[in-house]
Asks: 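Attaching a single structure in structure tokens format; questions to follow.
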Amino acid sequence: MSDISPSTQDPGASATMLRGKKVLVTGIANQHSIAYGCARAFRAMGAELAITYFNDKALPHVEPLARQLDAALLLPLDVTQPGSLDSVFQAVTERWGVLHAALHAIAFAPKADLQGRLTDCSAEGFAVAMNVSCHSFIRMAHLAEPLMREGGTLFTMSFHGAHKVVEHYNVMGPVKAALESSVRYLAHELGPQGIRVHAISPGPIRTRAASGLAEFDALIADATARAPAHMLASIDDVGYATAMLAADHARLLTGTTLYVDGGYHIMS
């Protein structure tokens with residue numbers, strides 16, 4: 001078995017698998033973001049990118065990455081602000097007039113609700129978590145549909161806590177379960193237009209978003225120990241697995257949750 005990571009292999013034919021494809025990537029916060037790993041893989045496989053950043057504070061962290069990836073567009077996106085997502089898609093429409101793939105890597109819950117018991121979660125906190133982490137993906141699908149006239153692929157990021165109880169994942173468990181259910185319904189509705197929809201479920205990865213989870217170091221240690229591969233995915237592992245699903249070769253794969261976690265999800 002080769003120990004060469006995807007990012008160090010000779011790209012070969014994979015460098016052209018997404019040539020000519022236009023891809024929107026949301027959710028990059030810094031160089032450790034899973035969305036950045038996906039953007040690198042999309043670009044390495046030939047795609048042209050549009051990248052979003054959360055706000056002015058995030059821009060200095062994201063702009064150099066976008067420049068490194070030769071992104072055609074760098075756009076602000078705060079899905080809690082009315083019209084923000086619409087503005088992104090308007091810019092994509094004006095620049096490209098078409099879209100072949102879009103990655104939704106956005107999630108949030110107020111700290112008190114994220115770190116407290118689900119039993120004690122506030123209605124307001126639950127609504128915010130559902131809006132940002134789930135319904136914004138549905139809105140993305142709505143806006144992407146008319147641009148995916150040639151078919152396309154929509155991706156969102158999930159986690160094993162959608163299916164099994166993961167200590168300290170709390171409110172995000174039900175929210176990610178709703179997200180994965182939405183993936184299946186969107187795949188059903190958009191399939192006739194040639195639009196595929198997938199959830200990507202990495203194992204625990206040290207990202208800025210993950211830092212909000214209580215006892216995250218313990219989760220990392222447990223997942224590494226119990227995963228059959230005894231190692232967890234890097235952002236590049238997740239990126240290449242995601243990008244492969246955007247290729248035309250994967251045109252009959254849809255409605256799936258793809259685990260990129262060294263087999264962690266199969267363990268009891």
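For the single chain, residues carry numbers from 1 onward in sequence order.
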Asks: Holding to side chain to side chain donor-acceptor pair (under 3.5 Å), I want the full list of residues that pass it with T119, two or more places apart in sequence or in another chain.
Replies: none
Asks: Could you state the interatomic distance from OG1 (T256) to CG (L258), rounded to the nearest 0.5 Å?
Replies: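 Those atoms lie 6.0 Å apart.
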Asks: Could you measure the distance from the CG atom of L147 to the CD1 atom of I195? Nearest 0.5 Å is fine.
Replies: 9.5 Å
Asks: If you group Ile, Leu, Val, Met, Phe, Trp and Tyr by side-chain heavy-atom gaps below 4.5 Å, do L18 and V98 land in one group?
Replies: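 Shared cluster, no.
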Asks: Only counting residues at least two apart or in another chain, list the ones meeting salt bridge (charged side-chain N to carboxylate O under 4.0 Å, His left out) with K21.
Replies: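 So K21 forms a salt bridge (charged side-chain N to carboxylate O under 4.0 Å, His left out) with D248.
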Asks: Output the distance between atom CG (D237) and atom CD1 (I34), rounded to the nearest 0.5 Å.
Replies: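 Separation between the atoms: 11.0 Å.
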Asks: Please lay out, stage by stage, how L253 and R196 fare under the test side-chain contact (heavy atoms from CB on, under 4.5 Å).
Replies: CA-CA 7 Å; L253 298 176; R196 294 108 65 186; over 6 Å; no
Asks: Take E180 and H163 through the test side-chain hydrogen bond (donor to acceptor under 3.5 Å, both in side chains) and record every step on the way to the result.
Replies: CA-CA 9 Å; E180 290 192 17; H163 292 273; 2.5 Å; yes
Asks: With R117, which residues qualify under salt bridge (charged side-chain N to carboxylate O under 4.0 Å, His left out), at least two apart?
Replies: D120
Asks: Mind checking what makes side chain to side chain contact (heavy atoms under 4.5 Å, CB included) contact with S133, not counting sequence neighbours?
Replies: A107, M172, V175
Asks: What's the separation between atom NE2 in H104 and atom SG in C134, rounded to the nearest 0.5 Å?
Replies: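 Reported to 0.5 Å precision, the distance equals 8.0 Å.
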Asks: Got a sec, which pairs hit salt bridge (Lys or Arg N to Asp or Glu O under 4.0 Å) with one end in residues 139-165, sequence neighbours left out?
Replies: none
Asks: Are V238 and L69 in one and the same hydrophobic cluster, where Ile, Leu, Val, Met, Phe, Trp and Tyr link if side-chain heavy atoms are under 4.5 Å apart?
Replies: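 Yes: a chain of side-chain contacts under 4.5 Å links V238 to L69.
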Asks: Tell me the closest heavy-atom pair linking L245 and F155, and the distance in Å.
Replies: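 Closest approach of L245 to F155, heavy atoms only: CB-CE2, 3.6 Å.
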Asks: Using 0.5 Å steps for rounding, measure from the OG atom of S122 to the CG atom of D113.
Replies: 3.5 Å
Asks: Please list, chain by chain and in numerical order, all residues satisfying side chain to side chain contact (heavy atoms under 4.5 Å, CB included) with P146, sequence neighbours excluded.
Replies: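 Once residues adjacent in sequence are excluded, P146 has no partner under the side chain to side chain contact (heavy atoms under 4.5 Å, CB included) criterion.
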Asks: Decide side-chain contact (heavy atoms from CB on, under 4.5 Å) for F108 and V128; before the verdict, give the C-alpha distance in whole Å, the side-chain angles of both, and the deciding distance to 0.1 Å.
Replies: CA-CA 8 Å; F108 176 77; V128 168; 3.7 Å; yes
Asks: Show every side chain to side chain donor-acceptor pair (under 3.5 Å) that has at least one partner inside residues 80-89, sequence neighbours left out.
Replies: D78-T80
Asks: I need the minimum non-hydrogen distance between P174 and N170, along with the two atoms involved.
Replies: CD-O, 3.3 Å
Asks: What residues form a side chain to side chain donor-acceptor pair (under 3.5 Å) with K22, not counting sequence neighbours?
Replies: E48
Asks: Could you state whether V132 and L154 fall into the same hydrophobic cluster, counting links through intermediate Ile, Leu, Val, Met, Phe, Trp or Tyr residues with side-chain heavy atoms under 4.5 angstrom apart?
Replies: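 Linked within one cluster.
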Asks: List the residues meeting side chain to side chain donor-acceptor pair (under 3.5 Å) with T26, not counting sequence neighbours, and say none if there are none.
Replies: none
Asks: Give me the atom names and distance for the closest heavy-atom approach of S182 to I138.
Replies: OG-CD1, 3.8 Å
Asks: Would you call the rings of Y264 and H160 parallel, tilted or perpendicular, taking 30° and 60° as the class edges?
Replies: perpendicular
Asks: Suppose we screen for side chain to side chain donor-acceptor pair (under 3.5 Å). Which residues come up paired with E124, at least two apart in sequence or across chains?
Replies: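 Partners of E124 by the side chain to side chain donor-acceptor pair (under 3.5 Å) criterion come out as none, since no residue qualifies.
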Asks: Taking atom CD1 of I200 and atom CG of D261, what is their separation to the nearest 0.5 Å?
Replies: 11.5 Å
Asks: Taking Y185 as the starting point, is it possible to reach L190 by hopping between hydrophobic residues whose side chains are less than 4.5 Å apart?
Replies: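 Shared cluster, no.
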Asks: I need the minimum non-hydrogen distance between C121 and V171, along with the two atoms involved.
Replies: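 For C121 and V171, the tightest heavy-atom pair comes out as SG-CG2, 3.8 Å.
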Asks: D70: which residues meet the salt bridge (charged side-chain N to carboxylate O under 4.0 Å, His left out) condition with it, sequence neighbours left out?
Replies: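 Only R43 meet the salt bridge (charged side-chain N to carboxylate O under 4.0 Å, His left out) criterion with D70.
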Asks: Linking I/L/V/M/F/W/Y whenever any side-chain heavy atoms sit under 4.5 Å apart, do M140 and I28 land together?
Replies: no
Asks: Just checking, is any N or O donor in the side chain of Q115 or H168 under 3.5 Å from an acceptor N or O on the other one?
Replies: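 No - no donor-acceptor pair under 3.5 Å links their side chains.
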Asks: Kindly state each residue pair satisfying ring-ring contact (aromatic ring centres under 6.0 Å, His included) with at least one member in residues 242-261, sequence neighbours excluded.
Replies: Y259-H265
